[in-house]
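Reviewing the structure listed below.
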Amino acid sequence: MPLSQHTARAARVIGTSAAAAALALGAAHTALACSISDFSAAAVCDTGGHGVIRVTDKDASGTPATVSLYMQLSMPGGERLVDTKTIEHPTAQGTTVDLVPLDWHAGETFRVHVKAGDQVDDDIQPQVVVPDETCAPSSSPSAQAAPSGQPSSTSTYPSPTSSTASATEPNPAQSGSAAPVPGASSAASTAGSGTSLAETGGGTGTPVIAGAATALVVAGGGIVLALRRRSAHRSR
């Protein structure tokens, strides 16, 4: 094989390798380039119970970025710049920064603009809308205490179980005061004790009956004695 052919083949191999390396380098550079898709924003509550717009930057190239928060006004096309922060050292894992709005209520809409070198100058889509919830500190004493002028969680009204128990169980004060008073049945039995004794011969009429019986016995004995004497007198 002539030398020129070997040289031409070697040149083609080197050219192919260089082109492949250039493509790989270009792909790597493109993968590391900063883009608006590396950014995201959401309305969240921080640990202090304040509503913030949290922006996350997952730029693997580490390009510093400036994020600006605009609050949308009610007038058409109206908005107001409310906060601006700079992300100095973004990472592929994600670097966050909190933008603080002036107002926080359900339905409030915010626009977040990103400026990262000469690569990104665009808005994060979609725009951020505050959800239908209110931020409050998780350990706030006011959240745990009952509002003034309203009854606390411990109600003064009796529960159904307590009312049932009070209806079925006697009051100690009432039971103590009612204990010495005899019942109607015992009073009736005491009042009728004379009748019971009369039926058994131990009542108050017993002496009268005994006296009458004695008198009858004495009278009968006298009559018998008189009849005997009369009979004996006739027999003489």
Side-chain angles (χ1 to χ4, degrees), residues 12-148 150 152-153:
R12 286 196 299 269
V13 171
I14 294 173
T16 303
S17 300
L23 291 175
L25 182 60
H29 179 72
T30 302
L32 294 176
C34 181
S35 65
I36 192 62
S37 61
D38 296 331
F39 297 85
S40 62
V44 299
C45 300
D46 63 6
T47 56
H50 304 94
V52 297
I53 306 301
R54 181 161 297 169
V55 178
T56 303
D57 183 2
K58 294 185 177 181
D59 177 19
S61 67
T63 304
T66 300
V67 290
S68 302
L69 181 66
Y70 293 87
M71 183 178 68
Q72 303 298 303
L73 302 178
S74 58
M75 63 184 66
E79 62 181 13
R80 179 190 301 174
L81 176 64
V82 295
D83 198 6
T84 300
K85 296 288 178 62
T86 299
I87 303 177
E88 296 289 349
H89 305 287
T91 62
Q93 288 74 25
T95 303
T96 61
V97 64
D98 290 343
L99 302 175
V100 182
L102 295 177
D103 193 11
W104 183 270
H105 61 80
E108 191 72 45
T109 304
F110 297 93
R111 179 175 69 92
V112 181
H113 185 79
V114 178
K115 180 68 171 67
D118 57 354
Q119 304 177 38
V120 177
D121 190 2
D122 200 355
D123 295 337
I124 297 177
Q125 296 296 337
Q127 292 184 345
V128 182
V129 180
V130 177
D132 296 336
E133 60 184 27
T134 302
C135 293
S138 57
S139 59
S140 174
S142 60
Q144 298 177 358
S148 59
Q150 296 183 2
S152 61
S153 58

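Counting from 1, the numbers follow the sequence of the chain as shown.
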Atom of Ala33, atom of Ser61 and distance for their closest heavy-atom approach: C-OG, 4.3 Å
Atom of Thr84, atom of Leu99 and distance for their closest heavy-atom approach: C-CD2, 4.2 Å
pair Ser40-Val55: side-chain heavy atoms closer than 4.5 Å: no
Least distance between heavy atoms, Val44 atom then Trp104 atom: O-CH2, 3.7 Å
Minimum-distance pair of heavy atoms, taken over all atoms of Gly94 and Thr56: CA-CG2, 4.3 Å
From Asp57 atom CG to Ile87 atom CD1, the distance as rounded to the nearest 0.5 Å: 4.5 Å
Residue pair Asp103 / Pro101, side-chain heavy-atom distance below 4.5 Å: no
Heavy-atom closest contact (His113 atom, Asp122 atom, distance): ND1-O, 3.4 Å
NE2 (His89) with more than 12 external heavy atoms under 6.0 Å: no
Salt bridge (Lys or Arg N to Asp or Glu O under 4.0 Å) against Asp83, all qualifying residues, sequence neighbours excluded: Lys85
Residue pair Val112 / Val128, side-chain heavy-atom distance below 4.5 Å: yes
pair Val67-Val97: side-chain heavy atoms closer than 4.5 Å: yes
Non-hydrogen side-chain atoms of Ile36 and Ile124 separated by less than 4.5 Å: yes
Validation row: Val114, Asp123 side chains within 4.5 angstrom (heavy atoms): no
Those residues that, when tested against Lys115, pass salt bridge (Lys or Arg N to Asp or Glu O under 4.0 Å) (two or more places apart): none
Glu108 side chain reached by Met71 side chain, heavy atoms, under 4.5 Å: yes
Any side-chain heavy-atom pair of Leu102 and Arg80 under 4.5 Å: yes
Salt bridge (Lys or Arg N to Asp or Glu O under 4.0 Å) partners of Asp121, counting only residues at least two apart: none
Under-4.0 Å salt bridge between Asp38 and Lys58: no
Thr96 OG1 to Arg54 CZ distance, which is reported to the nearest 0.5 Å: 6.0 Å
Euclidean distance, Asp98 CG relative to Ile53 CD1, rounded to 0.5 Å: 9.5 Å
Smallest separation among heavy atoms of Pro90 and Thr63, with atom names: CG-O, 3.2 Å
Interatomic distance, Asp59 atom CG to Thr91 atom OG1 [nearest 0.5 angstrom]: 9.0 Å
Cys34 backbone acceptor or donor facing Gln119 side chain under 3.5 Å: yes
CZ on Arg111 to CD on Gln127, rounded to 0.5 Å: 7.5 Å
